[in-house]
Amino acid sequence: MTPVVRKIATLGHPILRTPARTLTREELCATETQSFIDDLIETMRDARGAGLAATQVYVPLSMCAIEVNNNPRYPYKPPIPLTVLVNPVITPLSAETFENFEGCLSVPNLRGRVLRHTEVRVQAWDRHGNTLDFEVRGLSAGTYQHEVDHLHGKIFVDRVFDTNTLCTWEHFERYELARFAEEAKALVARYGA
Ligand code: ZN
């Protein structure tokens, strides 16, 4: 089936606050679930997101897609190959955090600084139910935490530690991009991602 671009829920819609439920391998392997995953990827790419959680397209199942590849929304983000996570669990590997400047397809035209763990372990299934268990560091760790937060009904604005950092995309580019791109560069130099 040809993938379909789904509608993305925006802030205030209850689905974004609904914790996603985990899937069984049988549910995951069903044709309709596989076709939904294709839609999720198509919608993420169409909206130029770095990731998209199922709850963001009104499906309260524990799965998300992540992909970064020369993203104009996030020019400083190192690439992440297409990754589908099913029933993901994230565990911090240290107490260290960094300031990430985040935005979200479900929160149009707003960005802000959020604290994220610098090193995390990701345990999940891939889209076929195979076990994934890997570590992510640096800026990319922030992307994973943002997406998995969605599956717990959490949105980046909940984690903005200083509301003075909230800004529109236009003002991010005008007043914040240069400084944050330097911070991002230092993280990438240190952690390779
Ligand atoms: Zn988001």
Side-chain angles (χ1 to χ4, degrees), residues 6-23 28 36-37 39-41 43-44 47-68 71 73-74 77 80 83-125 132-169 172 176 180 184 187 193:
R6 305 259 184 139
K7 187 181 169 190
I8 296 175
T10 51
L11 192 65
H13 194 288
I15 189 71
L16 294 174
R17 297 303 189 178
T18 305
R21 78 165 176 84
T22 55
L23 290 93
L28 176 60
F36 168 70
I37 293 171
D39 291 357
L40 187 67
I41 296 167
T43 307
M44 170 181 70
R48 295 185 179 276
L52 190 64
T55 47
Q56 290 181 273
V57 289
Y58 302 85
V59 175
L61 294 176
S62 184
M63 54 169 76
C64 60
I66 293 172
E67 183 179 46
V68 179
N71 191 319
R73 277 165 59 92
Y74 305 99
K77 276 196 189 207
I80 302 175
T83 307
V84 172
L85 300 177
V86 179
N87 302 337
V89 175
I90 286 191
T91 315
L93 291 171
S94 72
E96 199 185 326
T97 57
F98 71 100
E99 289 186 22
N100 203 15
F101 223 119
E102 300 193 5
C104 179
L105 293 172
S106 293
V107 187
N109 205 16
L110 193 70
R111 302 188 70 156
R113 281 189 184 255
V114 176
L115 282 180
R116 294 294 186 187
H117 293 284
T118 314
E119 305 176 281
V120 296
R121 178 182 182 187
V122 179
Q123 292 165 286
W125 292 341
L132 299 174
D133 189 345
F134 55 94
E135 295 177 0
V136 190
R137 294 185 163 74
L139 212 54
S140 299
T143 305
Y144 279 81
Q145 288 164 83
H146 177 114
E147 295 314 322
V148 174
D149 260 2
H150 275 300
L151 302 175
H152 298 285
K154 252 191 150 9
I155 303 172
F156 86 91
V157 289
D158 305 340
R159 298 195 186 276
V160 170
F161 57 87
D162 176 359
T163 50
N164 282 311
T165 67
L166 288 171
C167 59
T168 63
W169 282 72
F172 173 78
E176 305 287 348
F180 185 67
L187 262 179

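Quick note: residue numbers are just sequence positions, from 1.
The two residues Leu40 and Met63 make their nearest non-hydrogen contact at CD2-O, 4.4 Å. Considering every non-hydrogen atom in both Ala53 and Leu151, the closest pair reads CB-CD2, 3.9 Å. Closest of all the heavy-atom pairs between Phe101 and Cys167 is CE2-SG, 3.8 Å. Considering all non-hydrogen atoms of both residues, Val120 and Ala141 come closest at CG2-CB, 4.2 Å. Nearest heavy atoms, Leu139 versus Ala184: CD2-CB, 3.7 Å.
Phe180 pairs in a side chain to side chain contact (heavy atoms under 4.5 Å, CB included) with only one of the listed residues (Arg111, Glu99, Arg113), which is Arg113.
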Would Asp149 and Ile155 satisfy side chain to side chain contact (heavy atoms under 4.5 Å, CB included), going step by step from the backbone distance to the final call? CA-CA 7 Å; Asp149 260 2; Ile155 303 172; over 6 Å; no
For Val136 and Thr143, what are the C-alpha separation, side-chain angles and deciding distance, and is it a side chain to side chain contact (heavy atoms under 4.5 Å, CB included)? CA-CA 10 Å; Val136 190; Thr143 305; over 6 Å; no
Would Lys77 and Val68 count as a side chain to side chain contact (heavy atoms under 4.5 Å, CB included) here? Give the steps. CA-CA 7 Å; Lys77 276 196 189 207; Val68 179; 3.7 Å; yes
Please test Val148 against His152 for side chain to side chain contact (heavy atoms under 4.5 Å, CB included), starting from the C-alpha separation and ending with a verdict. CA-CA 7 Å; Val148 174; His152 298 285; 3.9 Å; yes
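Judged purely by atom type and a 3.5 angstrom limit, Ser106 has no side-chain atom pairing as donor or acceptor with the backbone of Gln56. With Asp162 contributing its side chain and Asn164 its backbone, the two residues share a donor-acceptor pair below 3.5 Å. Counting only distance, with no hydrogens or angles, the side chain of Arg17 and the backbone of Gly153 share a donor-acceptor pair below 3.5 Å. A distance-only check finds no donor-acceptor pair linking the side chain of Glu96 to the backbone of Glu119 [under 3.5 Å]. With hydrogens and angles ignored, the 3.5 Å screen pairs no side-chain donor or acceptor of Thr22 with any backbone N or O of Asn87.
Within the 4.5 Å cutoff, side-chain heavy atoms of Thr83 are placed close to those of Tyr144. Between Val160 and Leu166, the closest side-chain pair of non-hydrogen atoms falls below 4.5 Å. Glu147 places a side-chain heavy atom less than 4.5 Å from the side chain of Ile66. Side-chain contact between Val122 and Leu132 is absent, with no heavy-atom pair separated by less than 4.5 Å. Using a 4.5 Å cut-off on side-chain heavy atoms (C-beta onward), Asp133 and Arg121 make contact. Inter-residue side-chain proximity for Leu105 and Arg73 is flagged as met; some heavy-atom pair is nearer than 4.5 Å. At least one side-chain heavy atom of Ile8 sits under 4.5 Å from a side-chain heavy atom of Thr43. Residues Arg116 and Glu102 have side chains in contact (heavy-atom distance under 4.5 Å, counting atoms from C-beta outward).
For Arg48, the CZ atom counts as loosely surrounded, since its 6.0 Å shell holds 12 or fewer non-hydrogen atoms of other residues, nucleotides or ligands.
In this structure, the ring of Tyr74 has its center less than 6.0 angstrom from the ring center of Trp169.
Between Tyr58 and His13, the ring-plane angle classifies as perpendicular under the 30° and 60° cut-offs.
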